[in-house]
Amino acid sequence: MKKYLLPIPLVMLVLLIGCASHPSDREMNSLASALTKVSAAVDASARYKRSTDTLDEKQLLQVSTAHDAGLMKPFEGMTVRVLRVGRDSAVLVCQANNGRALLEDAACTARLDAPRWNTSPNPCEFTLDVKQICAR
């Protein structure tokens, strides 16, 4: 009987690690909603504030969300990147521990543009053609 009990903790550990490394649809949908708010703030800064023209992506994100500290709260412990192409922009959210892309949003649209948490491969790189999406 004891030899059957030994694998149980190992199986539980594998299940726990497996579940922890794959975000749930519910968690991602909540983050997607939060991301559209962040990308709208980035869009307003990139599109209308000429003082942001020379900022790098981290500075642009910081300036864009400075008016509401709660905007970035859902993304604590994650990597959040900003892409700017002229006056158009996009925001990308990735897992910090493994660089896996989770969500990507063109700031000029109201809905989330690319739910990437269930795609493979998905490195933390921008994939959206922001100019094409924002030209609509």
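No hydrogens, no waters, no symmetry mates; every other heavy atom, side chains included, goes into these values. Quantities reported herein were computed from a predicted structural model and do not represent experimental measurements.
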Which heavy-atom pair separates [X] from [Y] by the least distance, and what is that distance?
{"X": "A106", "Y": "I133", "answer": "CB-CG2, 3.8 Å"}
{"X": "P74", "Y": "A34", "answer": "CG-CB, 3.8 Å"}
{"X": "A114", "Y": "L128", "answer": "CB-CD2, 4.0 Å"}
{"X": "A96", "Y": "T79", "answer": "CA-OG1, 3.6 Å"}
{"X": "A41", "Y": "H67", "answer": "CB-CE1, 4.1 Å"}
{"X": "L35", "Y": "F75", "answer": "N-CZ, 3.5 Å"}

How long is the straight-line distance from [atom2] of [Y] back to [atom1] of [X], given to the nearest 0.5 Å?
{"X": "R100", "Y": "Q95", "atom1": "CZ", "atom2": "CD", "result": "5.5 Å"}
{"X": "S24", "Y": "L31", "atom1": "OG", "atom2": "CG", "result": "9.0 Å"}
{"X": "L103", "Y": "M78", "atom1": "CG", "atom2": "CE", "result": "8.0 Å"}
{"X": "R111", "Y": "S39", "atom1": "CZ", "atom2": "OG", "result": "11.5 Å"}
{"X": "D25", "Y": "S30", "atom1": "CG", "atom2": "OG", "result": "12.5 Å"}

Evaluate W117 against N122 for side chain to side chain contact (heavy atoms under 4.5 Å, CB included), listing each step before the verdict. CA-CA 8 Å; W117 70 90; N122 54 355; 5.6 Å; no
With side chains defined as the heavy atoms from C-beta onward, is the minimum distance between [X] and [Y] less than 4.5 Å?
{"X": "T127", "Y": "R116", "answer": "yes"}
{"X": "M28", "Y": "P115", "answer": "no"}
{"X": "D68", "Y": "K37", "answer": "no"}
{"X": "K49", "Y": "S64", "answer": "no"}
{"X": "L55", "Y": "R84", "answer": "yes"}
{"X": "L61", "Y": "V38", "answer": "yes"}
{"X": "R50", "Y": "D53", "answer": "yes"}

T52 (side chain) donor-acceptor with S45 (main chain) under 3.5 angstrom: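 The answer is yes, because a donor-acceptor pair under 3.5 Å joins these two groups.
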CD/E27: more than 12 non-hydrogen atoms of other groups inside 6.0 Å: yes
Please determine whether residues [X] and [Y] belong to a single hydrophobic cluster, defined as Ile, Leu, Val, Met, Phe, Trp and Tyr linked transitively by side-chain heavy-atom distances below 4.5 Å.
{"X": "V82", "Y": "L71", "value": "yes"}
{"X": "V93", "Y": "F126", "value": "no"}
{"X": "L83", "Y": "V42", "value": "no"}
{"X": "L112", "Y": "L92", "value": "no"}
{"X": "V63", "Y": "V85", "value": "no"}

T36/D105 under side chain to side chain contact (heavy atoms under 4.5 Å, CB included): CA gap, chis, key distance, verdict: CA-CA 7 Å; T36 60; D105 188 48; 4.1 Å; yes
Step-by-step salt bridge (charged side-chain N to carboxylate O under 4.0 Å, His left out) determination, D43 to R87: CA-CA 8 Å; D43 182 54; R87 295 278 171 229; over 6 Å; no
